[in-house]
Amino acid sequence: MISESKLEKLNKEIIACRKCPRLVEWREEVARVKRKAYMDQEYWGKPVPGFGDPQSRILVVGRAPGAHGSNRTGRNFTGDASGGFLYPALHRAGFANQALAESRSDGLILKDMYITASGRCAPPDNKPSPEELNNCQPYLEREIQIFKPQVIVCLGRIAFERILKIYSFRNSAWKFGHGALYQLDSGEWILCSYHPSQQNTLTGKLTVKMFDDIWKQANELLK
Ligand code: SF4
């Protein structure tokens, strides 16, 4: 049984974190200046905690919040094009009760899945520095300790490399690629997917079918 209180405590710590000066400045400035289309909204402007089912066996790891997506809404992959590709796929696969993800109060519920990130604060140009990712890594480690996931789905190379670092895994044969699947000695599966960014989805690098296959496989890997 997963302790919800441990998770709640962790999420409170994450939301209050100010370890990375560059990111604190950026996330707060974006929240203050805003994008024209969202002028009437109050931006979250803080680190974005994980989101999903506290009893999850699948942990999904992304990169970092988008400036006007989850840095605005306060929930991973919510309110941007990446989430507009991700959540419909999760809905089709049975992990989400709905395809819509536009705010923290939209009624979205995940089942057996928790979505988190390698970095919790929106970075300039969508690029967290290695030092910032190192600062943030202990939060991801604690989520792994809490959930003890059977399957970790890495959305993009940054997430995959972070997971390998956490497990101190140095097998040079393990490469990132869409659909790449590895199993740790301790039994956890690591499944890689291209990130559902517009850069990938609009160019056809990541198609709906390719993404659906990832979630089908994640489901089949559960014991
Ligand atoms: S990126 Fe992570 S470590 Fe850095 S300020 Fe945000 S929450 Fe803290």
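What's counted below: heavy atoms across the whole structure, side chains too, no hydrogens, waters or symmetry copies. Counting convention: from 1, in listed order, for ligands and their atoms alike. Starting from 1, each residue takes its place in the sequence as its number.
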Can you label the angle between the Y182 ring and the W174 ring as parallel, tilted or perpendicular, going by 30° and 60°?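 Plane angle under 30°, so parallel.
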Look at atom 2 (Fe) of ligand 1 and find which of A122, A64, C136 reaches it with the closest heavy atom.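 It is C136 whose heavy atom sits nearest to atom 2 (Fe) of ligand 1.
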So, do H195 and F160 have ring centers that fall under 6.0 Å from each other?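 Ring centroids of H195 and F160 are no less than 6.0 Å from each other.
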For Y114 and F51, I'd like to know if the aromatic rings sit close, meaning centre-to-centre distance below 6.0 Å.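 No, they do not, as the ring centres are separated by 6.0 Å or more.
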For atom 6 (Fe) of ligand 1, what's the nearest protein heavy-atom neighbour? Residue, atom name and distance, please.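 Here the nearest protein heavy atom works out to C121 SG, 2.3 Å.
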Atom 4 (Fe) of ligand 1 to nearest N/O/S of C20 below 2.8 Å: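 A backbone or side-chain N, O or S atom of C20 is under 2.8 Å from atom 4 (Fe) of ligand 1.
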Which of the atoms in ligand 1, numbered in the order shown and given with their element, are less than 4.0 Å from a heavy-atom of [X]?
| X | result |
| --- | --- |
| N135 | 3 (S) |
| P47 | 7 (S) |
| L23 | 1 (S) |

Do D212 and K216 sit within salt-bridge range, that is, some charged N less than 4.0 Å from a carboxylate O?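 Here D212 does not pair with K216 in a salt bridge, since their nearest N and O are not under 4.0 Å apart.
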Please confirm if an N, O or S atom belonging to C17, backbone or side chain, lies less than 2.8 Å from atom 6 (Fe) of ligand 1.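 Coordinating: no.
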Tell me which one of K46, R18, K34, R22 satisfies salt bridge (Lys or Arg N to Asp or Glu O under 4.0 Å) with E28.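 By the salt bridge (Lys or Arg N to Asp or Glu O under 4.0 Å) criterion, E28 pairs with just one of K46, R18, K34, R22: R18.
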Counting only heavy atoms not in E220, do more than 12 sit closer than 6.0 Å to its CD atom?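 More than 12 heavy atoms, drawn from other residues, nucleotides or ligands, come within 6.0 Å of this atom.
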